[in-house]
There are 2 protein chains.
Amino acid sequence: MTDTKKRIIESAINIFNEDLSAPLQKVADNAAVTRRTLHRYFKDRNELVAVCKQTIESSCKKAMISAIQSSDDALIQLERMLYAGIDCGAKYSVFYKLHQNKDHKHTHQNKNCADYDHIYNQFQHIIIELQKEGKVNPVMSPEWIQVLHSGIIESTVNARETTTKSFEEIKELAWTSYIKAITP
Amino acid sequence: MTDTKKRIIESAINIFNEDLSAPLQKVADNAAVTRRTLHRYFKDRNELVAVCKQTIESSCKKAMISAIQSSDDALIQLERMLYAGIDCGAKYSVFYKLHQNKDHKHTHQNKNCADYDHIYNQFQHIIIELQKEGKVNPVMSPEWIQVLHSGIIESTVNARETTTKSFEEIKELAWTSYIKAITP
DNA sequence: TTCAAATGTCACAAATTTGAGAAATCTTTA
DNA sequence: TAAAGATTTCTCAAATTTGTGACATTTGAA
C-alpha cells in the first residue's frame with residue numbers, strides 16, 4: 001500500500017471518528033492531498049468508510065491479540081492490553097463503538113464480530129482469573145471493567161492532545177489509575 | 001419554550017455529539033418531527049448548533065455549580081460533580097470537548113470560557129484540598145484527575161445503553177472505581 | 001363544535017458535496 | 001536528461017442537502 005493511501009486512511013479514521021458525515025474535503029486536507037487524489041484511491045465515500053472499518057478491525061485485533069500473547073501472567077496481559085488500546089488511538093474508540101453500538105447487528109456470522117467476541121472472551125477470562133487470584137475486585141463485573149477499560153483508553157488518547165505530560169507519563173498514569181480502580 | 005423545540009434541541013445534541021455534519025433530516029427524524037418543523041424553530045443549521053452549544057453550556061454549568069454548592073465536604077462535592085456529569089449525559093461530553101478542543105480559542109473575554117474556568121478552578125481546589133487531607137493521591141495532578149473524571153463520566157453514559165444494570169447501579173460503580181483510582 | 005396554533009405534505013430553487021475527465025506539473029528513477 | 005508515475009488544477013454534471021412558500025391536516029382550548 002502506498003504511503004499516500006495509508007495517510008488518507010489514517011486521516012479519515014481520525015475525522016470520521018468524530019464526524020462521520022464530514023465532507024471528504026476535510027479528510028483530504030487532513031491528509032494533505034487533493035480531493036482528486038483521494039478519489040483516485042477510493043471509488044467513493046462508502047468504499048473509504050469500508051476500508052477504514054476494515055483497517056480498524058484488523059489493526060486493533062492484531063494489537064490486542066499480540067498483547068494477550070505477550071505473557072502468561074494475567075496482570076501483565078491486562079496492562080499490555082491497556083497500552084495496546086492507547087497506542088491504537090482513535091482506532092480503538094471506533095473499534096469498541098462499532099461493536100457496542102446499539103444499532104449494530106452483532107452476529108457470529110460476521111467474521112469481525114466473531115473476532116471481537118473472541119478477544120472480549122479472552123479479556124473476560126483474564127478478569128475472572130485475576131478475581132480468583134484476589135487481584136481484582138469481585139464485586140465489579142467483567143462487563144463494567146470492560147466499560148472502564150475502554151473509557152480510560154479513550155480519555156488517555158484525548159489527553160494526549162491537551163496535556164503537557166509526555167505520552168509515556170500519561171500511559172503510566174492511566175495504568176496506575178485503572179489498576180487501583182479495580183483492585184479489591 | 002415549547003416541548004417540540006426542546007425535543008429538537010435534545011436530539012440535535014445527541015446527534016451532533018457523534019456527527020456534527022449529520023444531515024438535519026437525521027435530527028428531525030430523531031425528534032420525530034418533519035424537517036419543515038425544525039426549520040420553523042431554527043432559521044438555519046448554524047442557529048441550531050449555536051442554540052445547542054448554549055443549552056449545553058448553561059445546563060452543565062448549572063448542574064456543576066449546584067453539585068459544588070450542595071456540600072462543604074470536598075469528598076461529597078467531588079462525588080456529586082461526578083453524578084451531575086453523568087446525569088448531563090451527552091451534554092457533558094460536548095461541554096468538556098468544547099473547551100478542551102485544540103482549535104477552540106479559550107479566552108476569558110468569552111463568558112462561557114470564563115464560567116468553564118471558574119468551575120474547573122473549583123474542581124482543582126477540591127482536588128488539592130483532598131490531597132492535603134490525604135484522601136487523594138498527591139502524585140496525580142489535578143489535570144490528570146480531570147481527564148479521568150470526564151473519561152469515567154463519558155463511559156458511564158455510554159454504558160447506560162449497552163449494560164443490563166440499572167442506571168443507579170452503574171453510577172455507583174462509576175464512583176467506586178473513580179475514588180479508588182485516585183485515593184493514595 | 002369551532003377557531004387558532006402547530007405540524008405535516010409537497011414542491012422547488014439555491015447551495016453544497018460528490019465523483020470524474022483532461023491537461024499541467026511535480027517526483028522519481030533508470 | 002528522459003520517461004513513467006503520481007499529484008494537482010481546473011472543470012463540470014449529478015446527487016444530496018438546505019431553506020422556504022403555499023396549502024392541507026391535526027390538535028387543543030374556548
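What you see below is based on every heavy atom in this structure, not just the backbone, and it leaves out hydrogens, waters and symmetry mates. Letters A, B, ... are given to chains in the order of the sequence lines, protein chains preceding strands, and every chain is numbered from 1.
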If I take atom [atom1] in residue [X] and atom [atom2] in nucleotide [N], what distance separates them, rounded to the nearest angstrom?
X: B/Ile8; N: C/dT7; atom1: CD1; atom2: P; answer: 8 Å
X: B/Leu20; N: C/dT16; atom1: CG; atom2: P; answer: 16 Å
X: B/Leu24; N: D/dT17; atom1: CG; atom2: C1'; answer: 8 Å
X: A/Arg7; N: D/dA6; atom1: CZ; atom2: C1'; answer: 12 Å
X: B/Arg45; N: C/dT17; atom1: CZ; atom2: C1'; answer: 13 Å
X: A/Phe42; N: D/dA6; atom1: CZ; atom2: C1'; answer: 15 Å
X: B/Glu47; N: D/dT18; atom1: CD; atom2: C1'; answer: 14 Å

Do A/Tyr92 and A/Met64 have side chains that get closer than 4.5 Å, going by heavy atoms? yes

Can you check nucleotides 23-30 of chain C for protein contacts, nitrogen or oxygen pairs under 3.5 Å, and list what you find?
none

Can you see whether A/Tyr41 has A/Lys5 sitting over its ring - NZ or CZ less than 6.0 Å from the centre and within 45° of the normal? no

Cation over ring face, B/Lys180 and B/Tyr178, 6.0 Å, 45°: no

Which residues, if any, of residues 28-39 of chain A bring a heavy atom under 4.0 Å of DNA chain C? A/Arg35, A/Arg36, A/His39

Have B/Thr163 and A/Glu143 got a donor and an acceptor in their side chains that come within less than 3.5 Å? yes

Side chains of B/His106 and B/Asp117: donor-acceptor distance under 3.5 Å anywhere? yes

Angle by which the axis turns from one end of the helix from C/dT1-D/dA30 to C/dA30-D/dT1 to the other, five pairs per end, to 10 degrees: 40°

Heavy-atom closest contact (B/Ser177 atom, A/Ala181 atom, distance): O-CB, 3.3 Å

Tell me whether B/Glu47 at atom CD has more than 12 heavy atoms from other residues, nucleotides or ligands lying less than 6.0 Å away. yes

Between A/Tyr120 and A/His99, ring centroids under 6.0 Å: no

Paired with A/Lys91, the salt bridge (Lys or Arg N to Asp or Glu O under 4.0 Å) test is passed by just one of A/Glu154, A/Glu10, A/Glu57, namely A/Glu10

Please check the phosphate of C/dT7 (OP1 and OP2 only) for any side-chain N or O of B/Tyr41 closer than 4.0 Å. yes

